[in-house]
Amino acid sequence: MKHLYLLFLLPLFISCAQPEKISEKEVMETFNQFFDMLDNDVDKIRDYVTDDYMIFEEKRKWNTEEFIGFVKGFGKFESNRTFKDIKIETDFNSAHISLEQHGEFQLEQPAPDGSTFLSYDWLESAYLVKENGKLKFKFYFSEQIND
């Protein structure tokens with residue numbers, strides 16, 4: 001009888017949902033949504049980052065509020081971004097992405113140096129975590145690799 005009971009419970013153990021590793025597709029979808037938001041409505045960044053999010057950009061670290069101010073400082077702009085050499089590592093609760101980014105920006109208002117067109121290349125790395133079932137950025141590192 002004891003063995004019969006175990007045979008009855010075996011399917012329950014097998015059918016229990018096993019945690020799934022975060023997919024590269026999920027990372028890329030979150031990544032692309034993040035940059036769409038960044039270029040179009042930076043105030044929505046809080047939907048994509050953890051409460052303790054930090055970015056290292058322009059040779060300094062920024063919290064979420066400081067970074068929103070930094071992006072808004074450029075005013076309205078059109079952007080064209082390309083990403084290459086993308087590498088993604090994932091586990092069940094987090095992901096890491098590294099890449100090279102090229103960005104071109106047409107500003108509506110001139111930058112402090114008087115230019116209206118900016119072009120940059122960056123080496124970037126980000127750490128994302130699952131928070132309430134959603135992948136969010138916890139840390140972003142961005143280093144300009146051209147002048």
Side-chain angles (χ1 to χ4, degrees), residues 8-147:
F8 174 73
L9 290 176
L10 186 61
L12 285 175
F13 290 120
I14 293 172
S15 68
C16 289
Q18 298 293 319
E20 289 188 28
K21 192 174 176 183
I22 296 169
S23 71
E24 288 188 14
K25 179 182 177 199
E26 184 180 5
V27 174
M28 285 309 302
E29 286 173 354
T30 302
F31 183 81
N32 289 326
Q33 291 169 1
F34 180 81
F35 276 96
D36 183 59
M37 168 277 311
L38 193 63
D39 290 344
N40 295 297
D41 191 358
V42 72
D43 286 315
K44 292 184 179 178
I45 194 171
R46 291 172 201 85
D47 296 338
Y48 295 89
V49 300
T50 61
D51 289 340
D52 60 348
Y53 171 76
M54 183 187 341
I55 182 168
F56 185 85
E57 171 108 19
E58 292 286 316
K59 301 190 184 334
R60 68 167 280 212
K61 67 180 181 180
W62 311 74
N63 65 31
T64 302
E65 300 309 314
E66 292 169 329
F67 189 66
I68 289 171
F70 171 68
V71 173
K72 284 184 171 183
F74 289 99
K76 294 202 180 274
F77 58 88
E78 297 277 328
S79 66
N80 181 25
R81 298 175 188 266
T82 55
F83 307 101
K84 67 178 187 177
D85 295 328
I86 299 170
K87 295 174 183 64
I88 299 172
E89 296 290 328
T90 67
D91 61 27
F92 300 101
N93 296 307
S94 64
H96 178 263
I97 183 169
S98 61
L99 59 123
E100 290 181 39
Q101 179 183 172
H102 175 75
E104 296 176 346
F105 306 91
Q106 184 67 46
L107 308 178
E108 278 188 15
Q109 301 292 328
D113 66 0
S115 60
T116 57
F117 180 79
L118 304 172
S119 178
Y120 300 106
D121 291 297
W122 295 280
L123 183 60
E124 302 186 329
S125 176
Y127 180 64
L128 299 89
V129 295
K130 276 282 188 172
E131 191 173 88
N132 298 322
K134 185 177 177 185
L135 203 53
K136 291 189 169 192
F137 287 83
K138 186 170 184 72
F139 178 76
Y140 206 104
F141 174 85
S142 181
E143 182 68 26
Q144 187 177 334
I145 54 176
N146 73 336
D147 289 325

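Side-chain contact between Glu57 and Trp122: present, with at least one pair of heavy atoms (C-beta onward) separated by less than 4.5 Å. Looking at Asp47 and Lys134, their side chains come closer than 4.5 Å, going by heavy atoms from C-beta outward.
Ser115 pairs by the side-chain hydrogen bond (donor to acceptor under 3.5 Å, both in side chains) definition with Asp113, not counting sequence neighbours. Partners of Ser94 under the side-chain hydrogen bond (donor to acceptor under 3.5 Å, both in side chains) rule, at least two apart in sequence or in another chain, are Asp91. The ring pair (Phe, Tyr, Trp, His ring centres under 6.0 Å) search around Tyr127 returns none, not counting sequence neighbours. The salt bridge (charged side-chain N to carboxylate O under 4.0 Å, His left out) search around Lys72 returns Asp43, not counting sequence neighbours. Partners of Lys61 according to the side-chain hydrogen bond (donor to acceptor under 3.5 Å, both in side chains) rule, which considers only residues two or more places apart in sequence or in another chain, do not exist here. Checked against salt bridge (charged side-chain N to carboxylate O under 4.0 Å, His left out), Asp85 has no partners two or more places apart in sequence or in another chain. In terms of the salt bridge (charged side-chain N to carboxylate O under 4.0 Å, His left out) criterion, Glu78 has no residue partners (sequence neighbours excluded). The salt bridge (charged side-chain N to carboxylate O under 4.0 Å, His left out) test applied to Lys87 returns no partner, not counting sequence neighbours. Listed by chain and residue number, Glu124 satisfy the side-chain hydrogen bond (donor to acceptor under 3.5 Å, both in side chains) test with Tyr140 (two or more places apart in sequence, or in another chain). Looking at residues two or more places apart in sequence or on another chain, you find a side-chain contact (heavy atoms from CB on, under 4.5 Å) between Lys59 and Glu143.
Other residues, nucleotides and ligands contribute at most 12 non-hydrogen atoms within 6.0 Å of the CG atom of Asp51.
Between the CG atom of Leu123 and the CG atom of Leu99 there is a distance of 8.0 Å, given to the nearest 0.5 Å. Going from atom CD1 of Ile22 over to atom CD of Glu89 covers 12.0 Å, rounded to the nearest 0.5 Å. Rounding to the nearest 0.5 angstrom, the gap separating the CD1 atom in Ile86 from the CD atom in Glu100 is 10.5 Å.
Taking the six-membered ring where the residue is Trp, Phe70 and Phe74 present perpendicular rings, their angle passing 60° and hence far from 30°.
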Let me check something: any side-chain donor-acceptor pairs from residues 103-110 under 3.5 Å, sequence neighbours excluded? List them with distances.
residue, atom, partner, partner atom, Å
Glu104, OE2, His102, NE2, 3.1
Gln106, NE2, Thr116, O, 3.3

Between side-chain atoms of residues 30-39 and protein atoms elsewhere (two or more places apart, or another chain), which donor-acceptor pairs fall under 3.5 Å?
residue, atom, partner, partner atom, Å
Thr30, OG1, Glu26, O, 3.0
Asn32, ND2, Met28, O, 3.1
Asp36, OD1, Asn40, ND2, 3.0
Asp39, OD1, Arg81, NE, 3.2
Asp39, OD1, Arg81, NH2, 2.6
Asp39, OD2, Ser79, OG, 2.6
Asp39, OD2, Arg81, NE, 2.9

